[in-house]
Amino acid sequence: MAGAWRRQGEGVVVHLRLTPKAARDAVEGCETLADGREVLKARVRAVPEDGKANEAARKLLARALGLPASKVSLESGATARLKSFYLAGDPAGIESGLAALAAGPK
């Protein structure tokens, strides 16, 4: 499911399908959308207003990958369900962590 992310510069861009107002915060593996694109699925408890869900997703990705939250930034999709986040750092290490997340919950 490496189509859900790509290397860019000194980091990785990950494509995320976010579900706000969920029962828990979690990354739930990968899925293929109807148009063939692959995305990482995530749920957050935060509501989708004033950027709260985006911030919760940013922190969830950072925590799940063991990165400082300052290394994760929203690139696109601020008001959409499909978002792109830039993860700064060692691309090989980040991709390894993303591969583990793509496998789904344990």
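This is a predicted model, so every value here is computed, not measured.
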Start with the C-alpha gap between Arg43 and Arg24, add the side-chain angles, then the distance that decides, and say whether side-chain contact (heavy atoms from CB on, under 4.5 Å) holds. CA-CA 7 Å; Arg43 297 178 179 277; Arg24 62 189 175 90; 5.7 Å; no
Starting from the C-alpha separation in whole Å, work towards a yes-or-no answer on side-chain contact (heavy atoms from CB on, under 4.5 Å) for Leu16 and Phe85. CA-CA 8 Å; Leu16 188 76; Phe85 285 89; 3.5 Å; yes
One pair to check against side-chain contact (heavy atoms from CB on, under 4.5 Å): Leu67 and Leu61. What are the steps and the verdict? CA-CA 8 Å; Leu67 294 171; Leu61 278 173; over 6 Å; no
Evaluate side-chain contact (heavy atoms from CB on, under 4.5 Å) for Leu40 paired with His15, printing each intermediate quantity in order. CA-CA 6 Å; Leu40 198 60; His15 305 289; over 6 Å; no
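Shown here are the side-chain contact (heavy atoms from CB on, under 4.5 Å) partners of Ala92, two or more places apart in sequence or in another chain: Arg7, Asp90. Remark: Arg17 pairs with Thr19, Glu31, Leu33, Val39, Arg81, Leu82 by the side-chain contact (heavy atoms from CB on, under 4.5 Å) rule, at least two apart or across chains. For Asp50, there are no side-chain hydrogen bond (donor to acceptor under 3.5 Å, both in side chains) partners two or more places apart in sequence or in a different chain. Under the side-chain contact (heavy atoms from CB on, under 4.5 Å) criterion, Glu10 pairs with Tyr86, sequence neighbours left out. Applying the side-chain contact (heavy atoms from CB on, under 4.5 Å) test to Asp25 and every residue at least two apart in sequence or in another chain returns Val44, Arg45, Leu60, Arg63.
Using a cut-off of 4.0 Å between Lys/Arg side-chain N and Asp/Glu carboxylate O, Glu55 and Arg58 are scored as salt-bridged.
Using a 4.5 Å heavy-atom threshold, the side chains of Glu95 and Trp5 count as touching.
Around NZ of Lys59, the count of heavy atoms belonging to other residues, nucleotides or ligands within 6.0 Å does not exceed 12.
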Distance-only donor-acceptor hits, side chain of residues 69-80, under 3.5 Å, sequence neighbours excluded:
residue	atom	partner	partner atom	Å
Ser76	OG	Ser84	OG	3.4

